[in-house]
Amino acid sequence: TNVVIDGQSGDILVNGVSGVIDIETQSGNLTLESVGGELSLDTQSGDISGNGLSMSNVRIETESGTVTLEGSFSEKIAIKAESDDVSITNSAAAVVQIETASGDQTYSGGLLDSDINSLDAASGNVSLALTDATGVRVDVETSSGSIANNLTPGDEQREEDSLSGTPGDGKALPQVR
(Lines give C-alpha, C1' and ligand atoms only; values in the text may rest on other atoms or scores of the structure.)
Protein backbone atom coordinates (compact mmCIF):
# COMPACT_ATOMS: atom_id res chain seq x y z
CA THR A 1 0.00 0.00 0.00
CA ASN A 2 1.24 3.48 -0.85
CA VAL A 3 -0.07 6.46 1.12
CA VAL A 4 0.61 10.00 -0.11
CA ILE A 5 -0.63 12.99 1.92
CA ASP A 6 0.01 16.57 0.82
CA GLY A 7 -1.62 19.13 3.09
CA GLN A 8 -1.41 22.71 4.25
CA SER A 9 -2.66 22.57 7.85
CA GLY A 10 -4.60 20.33 10.19
CA ASP A 11 -3.87 17.28 12.27
CA ILE A 12 -3.18 13.95 10.50
CA LEU A 13 -3.75 10.43 11.88
CA VAL A 14 -2.34 7.39 10.07
CA ASN A 15 -3.52 4.14 11.67
CA GLY A 16 -3.03 0.47 10.75
CA VAL A 17 -1.30 1.03 7.39
CA SER A 18 1.68 -0.88 6.04
CA GLY A 19 3.62 0.27 3.00
CA VAL A 20 5.32 3.39 1.70
CA ILE A 21 4.04 6.50 3.48
CA ASP A 22 4.93 9.93 2.06
CA ILE A 23 3.63 13.00 3.92
CA GLU A 24 4.24 16.67 3.19
CA THR A 25 2.45 19.31 5.27
CA GLN A 26 2.89 22.88 6.45
CA SER A 27 1.44 22.65 9.97
CA GLY A 28 -0.50 20.35 12.24
CA ASN A 29 0.26 17.39 14.44
CA LEU A 30 0.97 13.96 12.91
CA THR A 31 0.09 10.76 14.78
CA LEU A 32 1.16 7.32 13.55
CA GLU A 33 -0.40 4.24 15.19
CA SER A 34 0.43 0.62 14.29
CA VAL A 35 2.11 1.65 11.04
CA GLY A 36 4.67 -0.41 9.11
CA GLY A 37 6.93 0.02 6.10
CA GLU A 38 8.78 3.19 5.11
CA LEU A 39 8.08 6.79 6.14
CA SER A 40 9.10 10.03 4.45
CA LEU A 41 7.86 13.19 6.17
CA ASP A 42 8.45 16.89 5.51
CA THR A 43 6.70 19.45 7.72
CA GLN A 44 7.11 23.04 8.88
CA SER A 45 5.52 22.77 12.32
CA GLY A 46 3.59 20.37 14.51
CA ASP A 47 4.34 17.50 16.83
CA ILE A 48 5.08 14.07 15.36
CA SER A 49 4.28 10.99 17.43
CA GLY A 50 4.23 7.28 16.67
CA ASN A 51 3.47 4.16 18.70
CA GLY A 52 3.53 0.49 17.74
CA LEU A 53 5.57 1.22 14.62
CA SER A 54 7.33 -1.43 12.54
CA MET A 55 9.38 0.56 10.05
CA SER A 56 12.38 -0.26 7.89
CA ASN A 57 13.30 3.31 6.91
CA VAL A 58 12.27 6.62 8.47
CA ARG A 59 13.16 10.04 7.06
CA ILE A 60 11.80 13.16 8.79
CA GLU A 61 12.56 16.84 8.20
CA THR A 62 10.80 19.40 10.40
CA GLU A 63 11.24 23.05 11.33
CA SER A 64 9.54 22.91 14.74
CA GLY A 65 7.68 20.35 16.79
CA THR A 66 8.57 17.46 19.06
CA VAL A 67 9.31 14.08 17.42
CA THR A 68 8.52 11.00 19.56
CA LEU A 69 8.62 7.54 17.95
CA GLU A 70 8.34 4.10 19.59
CA GLY A 71 8.56 0.74 17.86
CA SER A 72 10.85 -1.44 15.80
CA PHE A 73 13.08 0.31 13.26
CA SER A 74 15.26 -2.12 11.31
CA GLU A 75 17.29 -0.20 8.72
CA LYS A 76 17.72 3.59 8.95
CA ILE A 77 16.33 6.47 10.97
CA ALA A 78 17.24 9.93 9.60
CA ILE A 79 15.76 12.98 11.35
CA LYS A 80 16.62 16.63 10.82
CA ALA A 81 14.85 19.04 13.18
CA GLU A 82 15.47 22.75 13.61
CA SER A 83 13.90 23.05 17.06
CA ASP A 84 12.24 20.94 19.77
CA ASP A 85 13.09 17.52 21.13
CA VAL A 86 13.59 14.20 19.31
CA SER A 87 13.01 10.93 21.18
CA ILE A 88 13.29 7.47 19.59
CA THR A 89 12.71 4.16 21.38
CA ASN A 90 13.75 1.28 19.13
CA SER A 91 13.23 -2.38 20.05
CA ALA A 92 15.56 -3.38 17.17
CA ALA A 93 18.79 -2.00 15.68
CA ALA A 94 19.13 0.61 12.95
CA VAL A 95 21.50 3.17 11.49
CA VAL A 96 20.62 6.38 13.37
CA GLN A 97 21.31 9.88 12.07
CA ILE A 98 19.69 12.69 14.07
CA GLU A 99 20.51 16.38 13.64
CA THR A 100 18.97 19.20 15.67
CA ALA A 101 19.74 22.91 15.85
CA SER A 102 18.12 23.23 19.28
CA GLY A 103 16.37 20.69 21.46
CA ASP A 104 17.26 17.49 23.27
CA GLN A 105 17.88 14.16 21.56
CA THR A 106 17.17 10.76 23.10
CA TYR A 107 17.83 7.43 21.38
CA SER A 108 17.26 4.06 23.02
CA GLY A 109 17.96 0.86 21.08
CA GLY A 110 20.61 -0.85 19.00
CA LEU A 111 22.86 0.50 16.26
CA LEU A 112 23.75 -1.11 12.93
CA ASP A 113 27.30 -0.81 11.66
CA SER A 114 26.37 -0.57 7.94
CA ASP A 115 26.73 3.26 7.97
CA ILE A 116 27.87 6.03 10.33
CA ASN A 117 25.52 6.59 13.25
CA SER A 118 25.38 10.24 14.34
CA LEU A 119 23.57 12.36 16.88
CA ASP A 120 24.42 16.00 16.17
CA ALA A 121 22.96 18.73 18.40
CA ALA A 122 24.02 22.35 18.01
CA SER A 123 22.28 23.19 21.29
CA GLY A 124 20.65 20.65 23.60
CA ASN A 125 21.34 17.46 25.50
CA VAL A 126 22.01 14.11 23.83
CA SER A 127 21.13 10.83 25.55
CA LEU A 128 22.17 7.52 23.98
CA ALA A 129 20.99 4.30 25.69
CA LEU A 130 22.29 1.27 23.81
CA THR A 131 21.27 -2.37 24.11
CA ASP A 132 23.83 -4.75 25.63
CA ALA A 133 24.57 -6.38 22.26
CA THR A 134 25.71 -3.13 20.66
CA GLY A 135 29.44 -2.76 20.10
CA VAL A 136 30.39 0.85 19.50
CA ARG A 137 33.23 3.27 19.17
CA VAL A 138 32.20 6.52 20.81
CA ASP A 139 33.54 9.94 19.86
CA VAL A 140 31.85 12.82 21.70
CA GLU A 141 32.58 16.54 21.51
CA THR A 142 30.72 19.55 22.86
CA SER A 143 31.15 23.27 22.37
CA SER A 144 29.06 23.97 25.46
CA GLY A 145 27.70 21.51 27.96
CA SER A 146 28.96 18.47 29.77
CA ILE A 147 29.63 14.87 28.82
CA ALA A 148 28.53 11.96 30.97
CA ASN A 149 29.49 8.37 30.17
CA ASN A 150 27.88 5.15 31.38
CA LEU A 151 29.33 2.94 28.61
CA THR A 152 32.60 2.22 30.49
CA PRO A 153 34.94 1.95 27.51
CA GLY A 154 38.15 0.09 28.26
CA ASP A 155 40.32 2.55 26.34
CA GLU A 156 38.56 5.74 27.43
CA GLN A 157 40.30 9.01 26.58
CA ARG A 158 38.80 12.10 28.21
CA GLU A 159 39.50 15.81 27.96
CA GLU A 160 37.45 18.77 29.22
CA ASP A 161 35.28 18.94 26.09
CA SER A 162 35.65 15.44 24.56
CA LEU A 163 35.45 11.72 25.25
CA SER A 164 36.38 8.69 23.13
CA GLY A 165 36.60 4.97 23.72
CA THR A 166 35.51 1.51 22.59
CA PRO A 167 33.21 -0.71 24.65
CA GLY A 168 32.22 -3.91 22.81
CA ASP A 169 33.62 -4.72 19.37
CA GLY A 170 33.64 -1.13 18.06
CA LYS A 171 31.81 -1.94 14.79
CA ALA A 172 28.86 0.46 15.13
CA LEU A 173 30.32 3.96 15.05
CA PRO A 174 28.17 6.66 16.63
CA GLN A 175 29.29 10.26 16.44
CA VAL A 176 27.74 12.42 19.12
CA ARG A 177 28.28 16.19 18.99
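Residue numbers start at 1 and run along the sequence shown.
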Using 0.5 Å steps for rounding, measure from the [atom1] atom of [X] to the [atom2] atom of [Y].
| X | Y | atom1 | atom2 | value |
| --- | --- | --- | --- | --- |
| S9 | Q26 | OG | CD | 9.0 Å |
| N51 | L69 | CG | CG | 9.0 Å |
| S18 | L53 | OG | CG | 11.0 Å |

Contacts of type side-chain contact (heavy atoms from CB on, under 4.5 Å), residue [X], not counting sequence neighbours:
| X | answer |
| --- | --- |
| T89 | E70 |
| D104 | D85, N125 |
| V3 | T1, I5, V17, I21 |

*Under the 3.5 angstrom rule, does the side chain of Q105 hit a backbone N or O of D120 as a donor-acceptor pair?*
yes

For residues 90-97, dump all side-chain donor-acceptor pairs below 3.5 Å to protein atoms at least two apart in sequence or in another chain.
| from | atom 1 | to | atom 2 | distance (Å) |
| --- | --- | --- | --- | --- |
| N90 | OD1 | F73 | N | 2.8 |
| N90 | OD1 | A92 | N | 2.8 |
| N90 | ND2 | F73 | O | 3.1 |
| N90 | ND2 | A92 | O | 3.4 |
| N90 | ND2 | Y107 | OH | 3.0 |
| S91 | OG | G71 | O | 3.4 |
| Q97 | OE1 | K76 | NZ | 3.3 |
| Q97 | NE2 | I116 | O | 2.9 |

Side chains of residues 28-48: which donor-acceptor pairs under 3.5 Å do they make with residues two or more places apart or in other chains?
| from | atom 1 | to | atom 2 | distance (Å) |
| --- | --- | --- | --- | --- |
| N29 | OD1 | D47 | N | 2.9 |
| S40 | OG | R59 | NE | 3.3 |
| S40 | OG | R59 | NH2 | 2.6 |
| D42 | OD1 | R59 | NH1 | 3.4 |
| D42 | OD2 | R59 | NH2 | 2.7 |
| T43 | OG1 | T25 | O | 3.4 |
| T43 | OG1 | S45 | O | 3.4 |
| D47 | OD1 | T66 | N | 3.0 |

*Step by step, work out the side chain to side chain contact (heavy atoms under 4.5 Å, CB included) result for V14 and I23.*
CA-CA 10 Å; V14 180; I23 301 172; 4.2 Å; yes

*What pairs meet the salt bridge (Lys or Arg N to Asp or Glu O under 4.0 Å) rule with one or both residues in residues 88-101, with sequence neighbours excluded?*
none

*Can you name the closest pair of heavy atoms from E82 and E63 and give their distance?*
CB-O, 3.0 Å

*List for me each residue that meets side chain to side chain donor-acceptor pair (under 3.5 Å) alongside T62, sequence neighbours excluded, and say none if there are none.*
none

